[in-house]
Every structure is written in C-alpha cells, then in structure tokens.
Amino acid sequence: MSQFWKPGTEKPRSCLVDDEEGGVLFYAAPPSSSGHGYSSFERLRQRLPVFKYRTAILYLVEKHATTIIVGETGSGKTTQIPQYLKEAGWAEGGRVIACTQPRRLSVQSVASRVAEEMGVKVGEEVGYTIRFEDKTNQGVTKIKFLTDGVLLREMMNDPLLTKYSVIMVDEAHERSLSTDTLLGLLKKIQRRRPELRLIISSATIEAKSMSNFFRTRKKNDGQASEDNGPNIEPSILSVEGKGFPVEIFYVEEPVSDYLRAAVDAVLLIHEKEPVGDVLVFLTGQDDIDAAVQLLTDEARETTRRHSGLLVLSLYSGLSRADQDLIFTPTPKGKRKVIISTNIAETSLTLEGVVYVVDSGFSKQRFYNPISDIENLVVAPISKASARQRAGRAGRVRPGKCFRLYTEDFFVQDMPVEGIPEMQRSNLVSFVIQLKALGIDNILGFDWLALPPPESMIRALEVLYSLEILDEDAKLTSPTGFQVAEIPLDPMISKMILTADALGCLEEIITIAAILSVQSIWVSVRGTHKGLDEVKLRFAAAEGDHVSFLNVYKAFLQSGKSSQWCYKNYINYHSMKKVVEMREQLSRLVRRLGIIPKSCGMDMQAVRRAIISGFFAHASQLEEYSQNGMYKTVRSSQEVYIHPSSVLFRVNPKWVVYHSLVSTDKHYMHNVIAIDPSWLTEAAPHFYQQRRPSIPLF
DNA sequence: GAGCACTGC
C-alpha cells in the first residue's frame, strides 16, 4: 500500500491510563489545574492522585455538582455509572437516576444490558421510556433510561425534574438540538436544586468549553461558599476507550473523485490485506448505488482476483430484509464490503469491520432562515466525525482506516467539531418548547451554542402568524398552550386544533401522522413506473393529503396487511408508525378535552383545516407559465409541484404545500388545491394587513 | 418528469 498511502503521524489518542486490576485506571483532574490537553497528561500523572473508576465516579459525584466524562467512546464504562450510584444510595428515598441517550435504540439496548448486569427484569428496578413505549414502574424503577427528547417533555409537567437525583446525559458531543436544549435547561435547574448532580459524557477531548459552560456561579456569590453544597467547579474525568488501535492512512495527493478513489481503495484492501470486512462511508443513496455498481462491475471483469467480494449497501431507507443481510455473518472465504451513509457512524454498529474507507464527506442539513428552506448539502466532515468513523474499524481487533483526503487537509482544514444542530435548524419547535417552560428571553439564555438571531426571528414570526404567540411573544390561550402539548411541528399541531371546530379531526389526525413519517411509499430505484400506477389508484382530485386518506382507508380495509403494502408499493413499517402515532394523537387530544369527529366525505373541511396551519405555504400558478411555474405568496419565490405529487401536471391555480425541497429547482412536496378566499378567511391577519412588528426579545 | 444524511417528542 505504501506507494499510494501515507501513514498518519498524529499521535494516537491516549488518555490517563494505568493498567491495574486487569483493566483501566483513571486520573480525576479538576479542570482548573490544567487545560486538559494531551500535553498536560504527563504532568497530571505526576501531580494527581490515581483513582479506580468506581471510586473516582463516586468521589466526583459526591463532591462536584457536575462531572464531565470525556473520551469514553465504546468503553462501555458509562453503563456502569448508574449501578455505582444506586449502590451508593443515590436512588434511595424515592429518588431516581436518569440517563439519557439521543436515540431510541440505544436507550433500549443500554437499559437491557444494565438490567441484565444487575440481574433484574427491564421495567422493574431498571426501566426505560421512549416515545410510544414506557417500561418503567413508578416507585420501583430506580434507574431510568430515556431519550433526551422525552426528558424535555417531562419538564413540561415537572420543570425542576424533582424526582431525579442524578441526571446523566450521554453522547453530549453529538450536539443535537435536544441535547443542547437539555443541557442549557439543566444548568438553570442546578441553580434552584443544588443537590442535583449532572454527569455529562462526551466522546471528544474538547471538554473545556463544556466545563466552562457549567461553571455557573461566580466566586463571590456568597450563597455558594456558605452552604456545604457540592463544588460548583465541574470536574473532568478522562477515560480510555476499550477499542483496538486503528492505524490511519491518508492519500498522498488530494483525490478529485472520491467515489472512484473509494472503489480503488476497497479493491486494494481486498488484494493486499488479510481477511476482515470493509466499511465505506459515502454521502447518500446516489453515491452508494454508483459505488456498488462500480465494484460489482470490477469484480465481474477480474473474477479471479476479486472473487469473494460481497458488496452491500446501507442507508436508512432500506427495507428490513436488506438490513438483515448486512447483519448476517460473513460467509467463510468471503469479504463483506458495506457501503454506507452516516447511519453507520452512530446509529448502527456493524461487527466484524476491520477496514474503514472514509470519503471525508457527508450530507448535512442547513437551514436558511431568510428563505425558510432546509437544504441537504454534501460537506466535509469534522475531525470528531473522522475519528468516530475510524473507530468503527477497531471493534473486534486492530484495524486500519483509509482516509480519502490528505493529512494536511485533516490537520489544517477540517473543523474540530461540526456545527451544532441549534445553528443549522428551523427553530419553531425549540421556541415553543421553551415558551411552554416559561423561558421568554431565549437569546439571553445560556446555551452551549447561541441560536442564530435570524432563525429566532423567523421562528417567532411563524409562531405569531399561527396565533400561537401573541404580540408580547407569549403563548396564547388556549391555542398556544395546546400546541405546545402536541409533539409535532407547530404548523401541524395548529391544523389539528382547527380541525376540531371544522368537524374533521379524525381525518386530520391521519394526515398529521402521515406527514410526520418520512414517506409512506417504498423508495427503491426502478419502481417508479409501478409506484406511479399505484398512486393513481389512490389519487384524489383535491391533492396529496386527501390521497393519503384513501391510502390509509385501504390499508385498514386490508386488515393492516404487510402483503397488501408490498403489492401497493407502500412502506409497511411507515404505516405501522402512522397507526401508532394516530393512537398517540388521539389520546392526546382527548386529554385536551377534544373528541375526534369525522367529516365523512366533506373534503373541503379537511382542506380548510390544512390551510389553518399552512396558509403561509400558499403558491399561485404563474398566469402564462408553460412549465408549471408557481410563485409563493409570501416571498414570490419560484417553485414547482414535485413530480411525485398527484397534482403534478394538473397545476391548479392555487395550491398549499407541506414543504419545499430544493435541488436544481425548488419543489413543493405534498400539495393540495385550494380556493384563495380560504386563505384570507383562515388567516386575515396574515393576508389582509401588513404584519405589525412584534417585540422579539 | 424526479431523488430522500440522521435522529427525536
């Protein structure tokens, strides 16, 4: 490999480790004593006491309000912490230890692992809560795993999270919108509840900013020194991961075509390296399909040399059967090559991978608050991502990672961490959640990353136009408070609330559920023709939303049959989610005192309800347009009906769309035809007057 | 006549 690949010179990640007890030992380092960089480790080693893991954890949680654990990726050590805490009495007197994860799957798997280690059943002493599933037993459950989104929801009923004695936030380095929100709120809670302990676990070494963030009270704040409360200086604990070392290789020269370079790298690995599966990170389905094609062709041409290659693709849209193929063990004499999106970086773990090929790119979402459009853009990944990808090669034995970029690029040009989601998202749901918690001065609030003011303004504007916020930017009653209760995009929640008055809530709940899943259609290349024919069967003249009702009705008539779904190009798993979500929404509106009613065949009521939430998404067909060009009412943006819509080529004069998707053009996804007079009826404040300037901050 | 990184309540 040497003429092509250059070994990395970066020092391997090493932490404060001493090998005792056949495992790992740790140094506990208060952040004030050092910058917590690699260079200071040796110095710390000489100056600081050495603790065993359990002792260190208990000591730090006892003495410090906040403990930050760094660099433990894959160590499995975080799952031991709640057990230590429980043994030390932190779950006595009705108190509960909470541990959050950003994903439902990890919540379930960590909970069952911990329950097994403790020899109890999930749902008793150890339980978990994720959306649609609550496996806890009040009074019995002492350690509770949950997604950070669920914990945020819990705060709406119990803003100080009083039942928890310790809250552990895992995977904080991922900087998801809900993790950042949670950490900001937890910092605030700590001031009111000095006895609360926080443990924040992060895989990146950049612990200092996290530590600074939690160093809240000033030194001369008398209250802090008088009581015997915990030290408000956050403590940092470095933990060595248990992964095997991974040797890093870079390309000597920048590559112009990462797809071709990835294929070549796989062939080279297959030729030169001993057995072991290969994981290739590309950006999306297009890339992946092309690479699979190239590899398959290549393997066919040179049968003898490249026999034994088993090429598979991996992305979230795959059917269950295809995913199972990924997880079956590699047959003897074969080498599995998995070409994947970012899904394999965090969401799925593949066993047996020894070689990683990293393109250095991923698709990332960016939000433009001026146009109010979210875009998916192929962009270079961060160093943190690159390390995470490389780490995937060291799970079973020492591995190798081949990076399709130069070491100079890695060292000099790659950002240390990605842009937090807070700074590249639409913030309407974020804002309404905070408003419901009584937080008004959102930009003055302490966040790990400041939400961009433009996005804040846009979110407040949208919520004001929906009459969820009033002129003082306070939640309206009852609409605003009710919308905050509903766990959906506020525009959809508004549509649900109006549907009650229009007598079509049964129908609108179905539409809301379908709009909230990714897609109810199967998305496999080459199925367009069949899919289009099937869509005609369900097509309604009013548009896509009404067609969804036809699909749902037919699905129920089939007895919720997976076979029926298969025949009709409908994604069975999406439909099951729709059913679940419908049930949840139905329970929820009943709790708000609303009994869902059906409007039968009155689709005008349904369309009016949709407009009550989506009046801002109206477009008008250009009068002399030959190619179906529309202009949005709000900003005269040039838009088109997406070819997947049942109204494609029908081109009604006025439409309302659910979302805009931007590729070469701006496409409207999920469209219904409307009468423009319904717009002014639904939102006179929006269409008849200039919007007043509202006090934003 | 086209394209959906990934989560989550």
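Order of the sequence lines sets the chain letters (A, B, ...), proteins ahead of strands, with each chain counted from 1.
When distances are taken from the side chain of A/Pro643 to each of B/dC9, B/dA5, B/dG1, the shortest belongs to B/dG1. For A/Tyr667, counting side-chain heavy atoms from C-beta on, the closest listed nucleotide (B/dA2, B/dC4, B/dC9) is B/dA2. Here the nucleotide nearest the side chain of A/Arg365, chosen from B/dC4, B/dA5, B/dC9, is B/dA5. Nearest nucleotide to the side chain of A/Arg103, out of B/dC9, B/dG8, B/dC4: B/dG8.
Donor-acceptor pairing under 3.5 Å, judged by distance alone, is present between the side chain of A/Asp532 and the base of B/dG1.
Residue A/Ser519 has no polar side-chain atom (N or O) positioned under 4.0 Å from OP1 or OP2 of B/dC4. The side chain of A/Thr341 places an N or O atom within less than 4.0 Å of a non-bridging phosphate oxygen (OP1 or OP2) of B/dC6. Put simply, A/Thr147 has a side-chain N or O that comes within less than 4.0 Å of OP1 or OP2 on B/dC9. OP1 or OP2 of B/dC9 lies within a sub-4.0 Å distance of a side-chain N or O belonging to A/Arg104.
Within 4.0 Å (heavy atoms only), A/Ser316 reaches sugar-phosphate atoms of the nucleic acid but no base atom.
Here the side chain of A/Ser425 pairs a donor or acceptor atom with the backbone of A/Glu421 at under 3.5 angstrom. In terms of modelled atom types and a separation under 3.5 Å, the side chain of A/Thr141 and the main chain of A/Asn137 share a donor-acceptor contact.
We find that CG of A/Leu376 is positioned 13 Å from C1' of B/dT7, with the value rounded to whole Å. Remark: P of B/dC4 and CG of A/Asn342 are 16 Å apart, rounded to the nearest angstrom.
A/Lys383 forms a cation-pi arrangement with A/Phe410, by the criterion of a distance under 6.0 Å to the ring centre and an angle within 45° of the ring axis.
Here A/Phe361 pairs with A/Tyr258 under the ring pair (Phe, Tyr, Trp, His ring centres under 6.0 Å) rule; sequence neighbours left out.
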